[in-house]
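Everything on this sheet refers to the single structure shown next.
Chain letters run A, B, ... following the sequence lines, proteins first, then strands; residues in each count from 1.
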There are 2 protein chains.
Amino acid sequence: MKVIAREDRGLPARIAGDIGRRITLGELKVGDTLPKEADMLAGLGVSRTTLREALKILSTKGFIEAKPRLGTRVRAAEHWNTLDPVVLSWQGDADDQEALAEELFEIRLSIEPLAARLAARRGSAREHAQIRAAYLRMAEERAGLEEAIEADIDFHLQIFQAAHNRFLLPVASVIRAALSISIPKTMAASGGFGQSLAQHEAILVAIEARDEETAASTAATLIASTYKRNFQTA
Amino acid sequence: MKVIAREDRGLPARIAGDIGRRITLGELKVGDTLPKEADMLAGLGVSRTTLREALKILSTKGFIEAKPRLGTRVRAAEHWNTLDPVVLSWQGDADDQEALAEELFEIRLSIEPLAARLAARRGSAREHAQIRAAYLRMAEERAGLEEAIEADIDFHLQIFQAAHNRFLLPVASVIRAALSISIPKTMAASGGFGQSLAQHEAILVAIEARDEETAASTAATLIASTYKRNFQTA
DNA sequence: TTCTCATATAATCGGAGTTATTATTGGTCA
DNA sequence: TGACCAATAATAACTCCGATTATATGAGAA
């Protein structure tokens with residue numbers, strides 16, 4: 001699958017991931033101070049520059065905070081940039097995956113109808129066409145499973161693009177990461193797209209007709225029924 | 001005011017900000033390749049480590065992408081992490097502030113009712129008490145304007161905290177940054193809290209009563225009327 | 001209690017070697 | 001002669017290193 005990742009390349013990113021996962025797993029607790037720079041250097045066997053960049057990555061994701069003399073401390077979870085796909089993948093390794101999935105559905109149920117509404121309001125004809133193209137690829141009988149899943153994800157992302165709201169895009173990126181995991185699960189459980197395809201079409205038609213209310217409500221319906229399909233089988 | 005910032009300390013962060021602003025301002029366009037490392041070093045007069053950390057910051061915020069042989073290129077705006085308060089402050093220097101404010105209201109109108117609903121559902125008694133405490137500080141007659149504004153922001157943040165959904169928190173952080181700008185503007189325009197105080201109280205009461213529907217609808221009402229107050233006067 | 005100073009720690013510096021990607025060149029095959 | 005493939009070279013980011021500088025804290029003296 002490997003839709004996510006792409007950002008775990010490079011030595012600093014890998015070290016940041018190691019430490020980040022130790023934090024999400026609770027091995028490193030909030031308020032703990034990491035070993036001082038020199039000690040970690042010896043322990044990891046990398047150079048200052050590399051470690052420093054790794055810590056900088058963790059810092060920009062809100063995981064740690066470095067102060068001279070005090071050392072580098074783990075920040076509280078509320079500062080973590082949970083919408084970062086990389087952070088999501090770290091948390092995915094933790095053991096509260098069901099809670100994570102439920103929280104994600106909560107926010108999708110609130111955000112995706114908004115995206116559909118705005119796509120209906122502001123999307124250009126070209127953008128609407130791209131949403132339709134994604135739908136057609138998804139509906140294509142001959143398409144393989146892989147392609148259909150890709151098209152499904154693309155369908156949702158194109159809606160976010162057409163919404164022309166830049167605050168939606170970071171949310172879209174985490175939804176993309178989540179879909180690449182949840183769609184195959186859903187399909188395996190219920191044996192295919194099922195009514196999901198019809199629901200996608202309803203959203204598409206509403207957006208193209210610039211019917212904001214219907215676009216929003218059909219989007220909500222889709223998320224809600226996806227949610228049910230995921231949790232019936234769990 | 002200075003509620004934002006805090007992350008613009010340090011030389012790398014300042015350089016990242018300089019470059020980041022040049023990108024949001026359009027001085028550096030999408031697809032442009034930055035000067036190669038050695039040249040920027042000479043131009044900026046800083047060390048490799050510093051520049052490297054600055055670029056790493058920009059990279060984690062989705063602004064740039066570095067590839068060997070190709071150089072470091074500016075990524076499309078859809079990859080920017082717009083929910084990062086620092087990124088918001090960079091964009092605030094650009095000239096499309098009204099559009100930015102409108103997009104923010106759109107997302108608040110969708111997210112804050114959800115937060116209120118979840119706070120009603122899952123918030124602990126202690127967390128509800130903290131929301132109430134923030135409300136009381138806001139309502140306090142003797143309180144100065146500064147304190148009232150701080151309390152107003154705190155009220156919203158406490159609701160996000162009580163919602164127990166980790167995907168909401170990154171959105172909360174950008175809302176915090178935005179509120180610290182928009183509240184004073186709103187108050188200056190309409191001469192005080194006005195009916196806003198009563199609306200806050202309605203949300204509080206609904207959350208404490210664990211009445212999810214009312215919590216969500218009153219939160220929507222508050223955002224909508226705040227939106228109107230901001231755009232009537234603009 | 002307050003101010004000063006020593007100290008520990010992160011922040012910054014600059015240079016050099018390594019690795020990965022791409023463009024170019026040369027050759028081969030149709 | 002044309003197009004395509006493979007080896008090669010060049011370029012820029014990546015990694016490493018050791019030293020120096022700035023700063024915050026805590027101890028000690030006034």
*Checking B/Thr33 side chain against B/Gly71 main chain: does a donor-acceptor pair fall under 3.5 Å?*
no
*asked:* Main chain of A/Ser110, side chain of B/Ser110: is a donor-acceptor contact present, judged purely on distance under 3.5 Å?
replied: yes
*asked:* If the condition is salt bridge (Lys or Arg N to Asp or Glu O under 4.0 Å), which residues does A/Arg132 pass it with, not counting sequence neighbours?
replied: A/Glu208
*asked:* Can you give me the closest heavy-atom contact between B/Pro170 and A/Trp80, atom names plus distance?
replied: CG-O, 4.1 Å
_Gap between atoms CE and P, on B/Met40 and D/dA12 respectively (whole Å)_ = 14 Å
*Applying ring-ring contact (aromatic ring centres under 6.0 Å, His included), name anything that partners B/Tyr135, two or more places apart in sequence or on another chain.*
none
_Letter per nucleotide, 5' to 3', of nucleotides 8-14 of chain C [B base touched, S only sugar-phosphate touched, - untouched; heavy atoms, 4.0 Å]_ = SSSBBBB
